[in-house]
Structure formats: structure tokens, C-alpha cells
Amino acid sequence: MPAPENRFKSALARGDMLYGCWAGFADAYATEMLATAGFDWLVIDGEHAPNDLPSIMRQLQVLETRHSAPVVRLPMGEAWAIKQVLDAGAQTLLIPMVDSADQARALVRATRYPPEGIRGSGAALARATQFSAIPDYISTANAQICLLVQVETRAGIDALDDILKVEGVDGVFIGPSDLAADMGYLGDSDQPQVRAVIRDALARIAASDKAAGILSLDHDTALSYRDWGAQFLAVGIDVVMLAQTARATMARWRDG
């Protein structure tokens with residue numbers, strides 16, 4: 001019995017257009033509710049949301065039978081942290097601040113069992129193997145791992161063509177906010193210079209054998225990103241959605 005199919009990875013390989021949302025509440029109940037919307041993928045965010053390994057695992061559990069595929073974003077690309085979330089059942093990882101092909105290659109190795117990588121093979125007690133109920137997990141898991149790397153600095157953009165040549169990277173996600181900040185436009189990814197860099201980057205990724213990804217909360221901007229080549233497109237953040245709706249509701253009553 002092999003490792004389960006990574007539906008998100010298979011969909012990217014088919015060229016499917018996938019719409020996603022950030023899950024930032026760090027709570028399985030909220031993520032389960034978010035999944036009822038039918039997003040193709042949800043980011044369980046460990047970089048800017050207060051997630052830890054147990055909260056990530058609980059969200060993986062509630063998404064297991066849902067249409068929404070879980071994508072776990074770690075705050076860093078440390079091999080020990082990657083090993084833990086993979087053993088907890090994650091199959092798709094999003095790693096921020098990747099600035100070079102060497103970094104990308106190291107991340108690939110961290111997600112793979114030997115000889116392709118350095119992932120520790122003590123999965124007998126792990127949720128990923130259904131606690132040893134999947135006897136062929138270790139020999140088949142590598143093929144089902146999906147690695148998405150975030151390029152969000154000028155250095156990363158300069159290294160993009162080399163990153164796109166790294167075998168084992170499935171997609172490249174452009175981070176508009178950090179890219180804008182690194183270009184000197186803190187908090188303003190709508191600057192023409194930033195948009196030009198994003199457009200060029202998405203086009204280069206789309207022309208490669210990798211999938212292009214990005215996030216925008218503005219509908220028209222998201223449409224532009226899709227037109228420029230984004231294949232996995234995040235169009236919302238749950239925390240922001242709740243905050244905006246709550247404020248708008250109270251404003252109607254206060255001003256009504």
C-alpha cells in the first residue's frame with residue numbers, strides 16, 4: 001500500500017487552475033468551516049499566524065476528507081521542521097524567502113528520503129504512515145511530496161531562472177508584499193515597478209515546468225495575476241474576511 005496521492009500536486013501537473021485561501025486562525029474549527037467554501041487549496045500558515053506543530057496537525061486532520069487541499073507554510077526551511085510536518089501528514093509545503101537555487105536544492109533534499117534526500121526514516125510512529133498501516137510509505141512518499149518555494153526578494157528574482165531548473169521544486173510562489181518592501185515600496189505592491197517585476201516573474205515561471213502562484217486580496221489585481229500566468233492563486237485570507245465583514249456590519253448599524 002503506497003503513500004496517498006497528493007491531489008494538489010496531481011492537479012498542478014495537469015495544469016488545473018486552482019484557487020486558494022489563507023487559513024490564519026490557527027484553529028481546526030475555523031479551518032474546517034473555511035473548507036466548506038470549496039477552495040481548491042488552503043494555506044495552514046505557520047509563518048505569520050500563531051500555528052505550532054499540534055495546531056497544524058489538527059488542521060491536516062479536518063481537511064483530510066475535504067475538497068480543499070492543505071498547503072503548510074513553515075516560517076523557515078529548516079530540515080528538522082520539515083521532517084516534523086511531513087511526519088504529521090503534510091504532503092505540500094510552502095517555504096518562504098528562497099533566494100537561490102542552492103536553497104531550493106537543500107529544501108528538496110529535506111523533503112525526500114535517501115538517496116534523494118536527508119529526511120529521517122523513522123515514520124513508523126508517524127501519522128503520515130497511519131501509524132505503520134501504510135507499509136510502503138517510505139518507498140513511495142517522495143513522489144507525493146509537493147514543494148512550493150516563495151520568491152519575494154530582489155535576490156530571489158535575480159536567481160529565478162536558476163531556481164526554476166531545480167528538480168523537485170513543483171511551484172514558485174511570488175510574495176508581492178515582501179518583494180515590494182525589498183524594492184523600496186513598503187506596503188505598496190501596486191507600484192508600477194513592482195507590478196512589472198511580478199508580471200515578468202509569473203510569465204517566466206509559467207513558461208517553465210513549474211507552476212506559478214501568488215496571493216491577492218484585490219479582485220482586479222488577482223485577475224491580472226491570473227492573466228499573467230498564475231496557476232495556483234490565493235484570493236482571500238480568512239482573518240481579513242472576518243475582520244472586514246464584522247467592521248462593515250457594525251458600520252451599517254452605527255451609521256444607519
Between D136 and T140, does any side-chain donor sit less than 3.5 Å from a side-chain acceptor?
no
List in chain and number order the residues that pass side-chain hydrogen bond (donor to acceptor under 3.5 Å, both in side chains) with E5, two or more places apart in sequence or in another chain; answer none if no residue qualifies.
S10
So V85 and L53, do their side chains get closer than 4.5 Å, heavy atoms only?
yes
Side-chain (W41) to main-chain (L18) donor-acceptor, under 3.5 angstrom
yes
Between the side chain of S68 and the main-chain N/O of G38, is any donor-acceptor distance below 3.5 Å?
no
Is a side-chain N or O of Q144 found less than 3.5 angstrom from the main chain of P2, in a donor-acceptor match?
no
I need the full list of side-chain hydrogen bond (donor to acceptor under 3.5 Å, both in side chains) pairs touching residues 159-177, with sequence neighbours left out, sorted by first then second residue.
D161-R204
Where at least one partner belongs to residues 92-151, residue pairs that pass ring-ring contact (aromatic ring centres under 6.0 Å, His included), sequence neighbours excluded
none
Who passes side-chain hydrogen bond (donor to acceptor under 3.5 Å, both in side chains) against D102, sequence neighbours left out?
R105
Residues T153 and D182: side-chain donor-acceptor under 3.5 angstrom
no
Main-chain N/O of N51 paired to S55 side chain as donor or acceptor, under 3.5 Å:
no
Hey, any chance V62 and V72 share a hydrophobic cluster, counting ILVMFWY side chains that come within less than 4.5 Å of each other, even indirectly?
yes
How far does CG of L34 sit from OG1 of T36, to the nearest 0.5 angstrom?
7.5 Å
Less than 4.5 Å apart, side chain to side chain, heavy atoms only: is that true for V71 and L93?
no
Can you measure from CG (D16) to CG (L12) and round to the nearest 0.5 angstrom?
8.0 Å
Parallel, tilted or perpendicular: ring planes of F173 versus F232, cut at 30 and 60 degrees:
tilted
Got a sec, which pairs hit side-chain hydrogen bond (donor to acceptor under 3.5 Å, both in side chains) with one end in residues 224-236, sequence neighbours left out?
Y19-R226
I'd like to know if the side chain of R73 and the backbone of D45 have a donor-acceptor N/O pair within less than 3.5 Å.
no
Do D27 and Q59 get their side chains close enough for a donor-acceptor pair, meaning under 3.5 Å?
no
Which pairs with one or both residues in residues 82-96 pass side-chain hydrogen bond (donor to acceptor under 3.5 Å, both in side chains), sequence neighbours excluded?
N6-T92, D87-R119
Spacing of R66 atom CZ and L42 atom CG [to the nearest 0.5 Å]:
10.5 Å
Applying a strict under-4.5 Å side-chain criterion to I, L, V, M, F, W and Y, I'd like to know whether I157 and I198 cluster together.
yes
